[in-house]
Amino acid sequence: MLDARFVRENIALLMKAMENRACDVDLSAFPAMEEERLKLLKESEELRNKRNVVSEEIGRLKRQKQDAESLVSEMKGVSDRIKEIDETLKGIDERTGLFLLNIPNMPHESVPVGKDETENIEIRKWGEPRTFDFPALNHWDIAETLGIIDFERGAKIAGARFSVMKGPGARLERALMNFMLHLNTEKGYTEIFPPLLVNRESMTGTGQLPKFEAELFRTVDPEFYLIPTAEVPVTNLHRDEILREDQLPIYYTAYTPCFRREAGSYGKDVRGLIRQHQFNKVEMVKFVKPENSYDELEKLTANAEDILQKLGLPYRVIVLCTGDMGFSSAKTYDIEVWLPGQNKYREISSCSNFEDFQARRANIRFKREGKKGTEFVHTLNGSGLAIGRTLVAILENYQQQDGTIAVPEALRHYMGMDVIK
RNA sequence: GGAGAGGUGGCCGAGCCGGUCGAAGGCAGCCGCCUGCUAAGCGGUUGUGGGGGUAACACCUCACCCAGGGUUCGAAUCCCUGCCUCUCCGCCA
């Protein structure tokens with residue numbers, strides 16, 4: 001969320017930013033709405049002030065057993081008027097609030113302007129895509145042959161976009177989770193295992209709601225939302241808190257299952273493990289001081305890259321252009337891993353700086369030593385990494401002619417085997 | 001699931017037969033005094049958000065005693081709803 005004051009004072013700047021984002025929110029009505037809101041607010045407050053003063057006077061008169069009837073009836077009118085104004089004000093507040101909640105974040109100045117994913121820019125590449133002297137298979141073919149992923153039964157017991165991991169497949173999933181958590185915690189991230197169902201406030205805090213309701217799974221009675229990423233519960237850990245300066249930066253890492261409706265993605269990645277309603281992910285989340293957040297973004301991205309390097313998986317890093325960035329982000333790097341089965345790079349991590357966008361929504365502040373007042377922290381997060389897609393990358397990159405999979409060196413300890421066969 | 005108790009400032013804890021309560025007292029923190037140093041002691045001070053105001057402070061004002069409604073001239077205090085915590089019983093991994 002952006003600051004109401006900022007919006008009304010920088011309307012032109014903002015309209016340009018929204019255009020770059022290919023976002024169609026119409027900001028033109030906002031200044032007039034704000035003017036009206038502030039006018040009513042002032043009137044309401046003045047009346048309240050009057051009521052406070054006179055009510056005190058009434059109390060004094062009554063204690064002295066004097067007549068206060070005329071004042072009482074006058075204040076009755078004042079209270080009615082306040083109620084009336086507040087009613088109107090409440091309507092405007094709701095509209096303003098909803099309006100602000102639906103405006104995406106402002107892109108950072110370093111973000112390339114572009115309309116969609118075709119205008120993202122490659123920043124760097126690591127590793128050479130391996131060449132095979134046999135036809136490289138898709139991970140679903142590899143996995144089904146090895147009997148380590150069962151898509152059919154996944155569909156039977158749950159539905160499309162669900163799958164069952166089995167034997168070494170299940171073990172590989174677990175190995176990756178442990179490997180990533182170990183690596184991240186060694187780098188100073190504190191491990192968190194949060195609730196997987198959260199309330200509406202948490203979803204609003206990180207920006208999923210109110211705009212993206214259709215992408216979330218929800219329980220009915222009582223109402224909870226299933227997390228689409230650990231970003232939600234972990235960032236909301238400090239919702240409505242004021243942190244001390246010396247607590248920052250805070251680094252968290254969390255393994256969680258993630259649940260996504262994938263509404264509107266019909267026909268996309270229908271086969272295999274790439275796009276599932278339920279998948280596992282290890283996430284990294286940071287709370288930092290504003291002046292450090294872009295350095296922290298670079299470090300965060302490097303941490304995610306390190307995992308791929310240790311696994312020996314070729315990848316590239318791209319910076320998303322203004323038109324392709326997520327709603328809450330000010331700047332995002334995507335890391336794409338090489339998939340021989342598809343002969344292309346596919347997203348495996350997304351690292352973003354949200355600046356104070358989420359912090360303002362979730363009311364996460366900090367207090368500087370010796371300074372008055374509070375400031376919003378900056379929040380960041382990145383996958384480190386999406387486990388399902390990492391597993392896909394391993395199957396496809398480490399496949400061997402005989403259909404077996406060489407286990408990457410770094411995982412052997414966790415797998416207790418060198419080859420999946 | 002049944003029966004009770006409760007949610008007050010950074011923490012503990014009064015107030016809760018409505019007005020003098022942004023809220024006693026204690027602790028912690030900060031500033032100063034005292035002191036050879038530390039401790040003790042003394043005095044002062046310390047919340048958040050909005051609006052206005054200032055070059056910046058100061059300052060003025062509104063709101064906030066879990067949340068949302070209601071009663072009232074006036075609510076931390078009374079009423080209703082929700083959420084959360086705790087105790088006992090039952091059930092369960």
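Hydrogens, waters and symmetry mates play no part in the numbers below; they use all other heavy atoms, side chains included. Throughout, a chain's letter reflects where its sequence line sits, starting with A, and its residues are numbered from 1.
Between B:rG50 and B:rC89, the two P atoms lie 49 Å apart (nearest whole Å). Remark: the separation of the P atoms in B:rG9 and B:rC62 is 22 Å, to the nearest Å. Nucleotides B:rG68 and B:rC64 place their C1' atoms 14 Å apart, quoted to the nearest Å.
Partners of A:Glu409 by side-chain hydrogen bond (donor to acceptor under 3.5 Å, both in side chains), not counting sequence neighbours, listed by chain and number: A:Arg412. When the side chain to side chain contact (heavy atoms under 4.5 Å, CB included) test is applied to A:Arg95, the partners found at least two apart in sequence or on another chain are A:Met33, A:Ile92. Checked against ring-ring contact (aromatic ring centres under 6.0 Å, His included), A:Phe366 has no partners two or more places apart in sequence or in another chain. For A:Glu245, the side-chain hydrogen bond (donor to acceptor under 3.5 Å, both in side chains) partners two or more places apart in sequence, or in a different chain, are A:Lys289. Checked against ring-ring contact (aromatic ring centres under 6.0 Å, His included), A:Phe151 has no partners two or more places apart in sequence or in another chain.
Within 4.0 Å of A:Arg365, counting heavy atoms only, lie sugar-phosphate atoms of the nucleic acid but no base atom. Looking at heavy-atom distances under 4.0 Å, A:Arg5 makes contact with sugar-phosphate atoms alone, never a base. Across all strands shown, A:Lys39 has no heavy atoms under 4.0 Å from either base or sugar-phosphate atoms.
Sequence neighbours left out, the pairs with a member in residues 186-202 of chain A that pass salt bridge (charged side-chain N to carboxylate O under 4.0 Å, His left out) are A:Lys187-A:Asp306, A:Arg200-A:Glu213. For residues 55-67 of chain A, the pairs satisfying salt bridge (charged side-chain N to carboxylate O under 4.0 Å, His left out) are A:Glu57-A:Arg60, with sequence neighbours left out.
In the displayed structure, A:Glu152 atom CD is contacted under 6.0 Å by at most 12 heavy atoms of other residues, nucleotides or ligands.
Taken residue by residue, residues 82-103 of chain A places heavy atoms nearer than 4.0 Å to RNA chain B at A:Lys83, A:Lys90. Within residues 41-54 of chain A, the residues approaching RNA chain B are A:Leu41, A:Glu45, A:Arg48, A:Asn49, A:Arg51, A:Asn52, by heavy-atom distance under 4.0 Å.
Note: CD1 (A:Ile58) to P (B:rC73) measures 9 Å, nearest angstrom.
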